[in-house]
Structures are given as C-alpha cells and as structure tokens.
Amino acid sequence: MASQEPLVRFYDLSGPKCWSPACWRTRYALNYKRIPYECVKLSYPAIKPTCQKLLSPTWPDDDCTVPIIEILQAPHIAKNDSTPIAELLNERFTEKDGYPDLKLIEEAKKHAKNTKLANRAVYFWICYDVYKNALDPDDGSKEFFKRTREADYGPLEKYLEKMGGSEDAIFQELKVQWMYLKERMAKEDGTGEPTYIDFYDASRIRWVEAANSEKGKRLMNLYGDDTFIKLMNKVKPYEGGDGGL
C-alpha cells in the first residue's frame with residue numbers, strides 16, 4: 001500500500017521514532033483502515049503555523065495540536081485531534097468503499113475521561129524521559145517542550161515528585177489506574193479484531209517505550225501477566241511505518 005498514491009497527508013511529531021500517543025492513534029487508524037498516506041514530521045515550533053495554515057489563520061493557540069491530517073481528494077479538508085480525525089476517516093473512507101470501519105470511536109471521549117488518571121500517572125513518570133530521548137535535538141522541539149512544560153509544573157527533572165516522589169510510588173499508582181485494562185484483557189486472548197479503544201491504550205504504551213525502553217519493559221510487565229502482551233499483539237499488525245502499511 002505504501003506504493004499507492006497517498007489519499008491522506010498525516011502530520012506527526014518529529015523525533016528519532018514515533019512517540020506521541022495522539023499521533024500513534026492516528027497512525028493506527030490509518031493503517032487499520034488501509035488508507036494510503038504520506039507522513040510529514042513537524043517540530044513543536046512548527047505546529048502552530050501549520051494549524052493556522054491548514055485549519056484557519058485564527059485557529060486558537062490552545063487548539064494548535066498534532067496529529068493533523070489533510071484529505072487529498074475532493075472535497076479537501078484538514079483536521080486535527082486524534083479522535084475527530086478517526087471520526088472523519090470513517091466518514092470519508094467507508095466500509096462500502098472497502099475501508100474497514102474503526103470500532104468504538106463513539107466511546108473514545110468517555111474512555112479518555114475515565115482513564116485520565118492513568119494518563120496523568122504515565123505523563124509524570126516519563127515526561128523528563130520524553131525530553132531527553134524522544135524529541136528531535138536539532139529542530140527546536142526540546143527547547144519548546146522544556147519551556148512550555150516547566151511553565152506548568154516546574155523543572156522537568158522534578159516531575160516524579162508530583163506523583164509521590166519515587167519510581168516505586170508511581171509504579172504502584174500505575175497498577176491501580178491501569179486495572180481497567182487488566183480486567184478487559186482477561187476476557188480476551190489477544191487475537192481478536194482491535195477497536196479504537198485498543199489503539200487508544202496501545203498508543204500510551206508506545207509513548208512510554210519511545211521515551212524510556214526500560215520503563216516500557218516495566219510497564220509491559222505491570223501485573224506480571226500477559227495483559228499488555230495480549231493488547232499489543234492485537235494492534236501490532238497496524239503499526240506500519242511512514243506512508244502506511
């Protein structure tokens with residue numbers, strides 16, 4: 001599919017590897033639906049001007065986020081934010097036309113709200129690792145990331161203190177906050193068709209792995225069972241690379 005004419009242009013965050021959980025969700029969605037696409041990597045400083053170019057010159061600063069997609073067929077449209085993007089992909093690339101339908105998108109906002117504390121625990125656990133390891137060192141992203149995050153919560157290296165002050169404390173919090181996944185995967189064998197909710201959860205795991213491989217391994221074994229292995233087996237066929245499967 002990578003050799004086909006792209007139907008979508010996907011704007012991802014720059015870095016040595018794919019790392020942004022929101023961008024991972026869009027990558028999973030595009031690959032699952034088998035939509036040919038091309039990938040453009042953006043630095044953090046380039047997000048705002050790109051949004052204002054593609055979406056609106058008056059696009060609000062707080063809404064200048066990635067991922068962004070452009071649909072390259074008429075009627076042309078651009079959109080950002082992973083879940084609205086997934087909804088748009090289902091609308092424009094339908095099962096009737098041979099594109100698999102993303103399942104459970106309608107549950108995504110509720111899922112995001114219900115798992116907000118799980119996301120928060122991960123964020124404070126790996127934020128400094130993202131700064132050190134996941135960002136492009138040469139395009140201004142590291143400086144932008146450090147300045148904007150420290151304006152909210154202070155020095156990046158102190159972020160662990162926001163979640164109990166130690167790796168062990170945050171790991172115990174992760175065990176509590178990710179229990180919903182353990183309970184869901186206990187009912188599965190890891191071979192079923194993934195839903196958008198599966199992609200949502202898997203994107204957070206890929207986020208951790210890209211920021212710190214050792215923390216990624218620790219998260220995968222959070223409960224000492226196959227909870228995370230089964231989830232990642234479900235989504236693995238849809239990880240792909242730049243330009244689709």
Novice: State which residue, out of I126, V122, L160, fulfils the side-chain contact (heavy atoms from CB on, under 4.5 Å) condition with I170.
Specialist: L160
Novice: Does a donor on one side chain sit under 3.5 Å from an acceptor on the other, for D201 and Y180?
Specialist: yes
Novice: Side chains of K132 and N212: is there a donor and an acceptor less than 3.5 Å apart?
Specialist: no
Novice: Quick check for you: to the nearest 0.5 Å, what is the distance between L222 atom CG and L181 atom CG?
Specialist: 9.0 Å
Novice: If we ignore hydrogens and angles and just use 3.5 Å, is the side chain of D101 paired with the main-chain N or O of E95 as donor and acceptor?
Specialist: no
Novice: For W19 and E209, test the side chains for any donor-to-acceptor distance below 3.5 angstrom and give the result as yes or no.
Specialist: no
Novice: Quick one: list whatever passes salt bridge (Lys or Arg N to Asp or Glu O under 4.0 Å) with E188, sequence neighbours left out.
Specialist: K234
Novice: Among R27, R34, K33, which one satisfies side-chain contact (heavy atoms from CB on, under 4.5 Å) with N31?
Specialist: R27
Novice: Would K79 and E87 count as a salt bridge (Lys or Arg N to Asp or Glu O under 4.0 Å) if you check the C-alpha gap in whole Å, the side-chain angles of each, and the deciding distance to 0.1 Å?
Specialist: CA-CA 10 Å; K79 188 173 284 289; E87 293 169 340; over 6 Å; no
Novice: Is it possible for you to check whether K142 lies under 6.0 Å from the centre of the six-membered ring of Y131, through NZ or CZ, and within 45° of that ring's axis?
Specialist: yes
Novice: Verify the ring-centre separation between Y196 and Y32: is it less than 6.0 angstrom?
Specialist: no
Novice: Is the side chain of W24 donor-acceptor paired with the backbone N or O of C18 at a distance under 3.5 Å, no angle test?
Specialist: yes
Novice: For the residue pair Y128 and K146, establish whether any side-chain heavy-atom pair is separated by less than 4.5 Å.
Specialist: no
Novice: List the steps, then state whether side-chain hydrogen bond (donor to acceptor under 3.5 Å, both in side chains) holds for D168 with S166.
Specialist: CA-CA 5 Å; D168 288 339; S166 72; 5.5 Å; no
Novice: Could you go step by step and tell me if E70 and Y11 meet the side-chain hydrogen bond (donor to acceptor under 3.5 Å, both in side chains) rule?
Specialist: CA-CA 8 Å; E70 290 180 86; Y11 294 84; 2.6 Å; yes
Novice: Is the distance between the ring centroids of W178 and F228 under 6.0 Å?
Specialist: yes
Novice: Tell me which one of R184, M232, K103 satisfies side-chain contact (heavy atoms from CB on, under 4.5 Å) with D198.
Specialist: R184
Novice: Donor-acceptor check, side chain of H76 to backbone of L72, threshold 3.5 angstrom: yes or no?
Specialist: yes
Novice: Does one side chain, of N80 or T65, offer a donor that lies under 3.5 Å from an acceptor on the other?
Specialist: yes
Novice: Can you measure from NZ (K175) to OH (Y223) and round to the nearest 0.5 angstrom?
Specialist: 8.5 Å
Novice: Answer yes or no for R9 and Y37: cation-pi contact, defined as NZ/CZ to six-membered ring centre under 6.0 Å and angle to ring axis within 45°.
Specialist: no
Novice: Testing L88, T83, L89 one by one against I85 for a side-chain contact (heavy atoms from CB on, under 4.5 Å), which residue passes?
Specialist: L89
Novice: Got a second to check how far F124's CZ is from L156's CG, nearest 0.5 Å?
Specialist: 10.5 Å
Novice: Apply the hydrophobic cluster definition, ILVMFWY joined by side-chain contacts under 4.5 Å directly or through others, and give me every member besides L104.
Specialist: I197
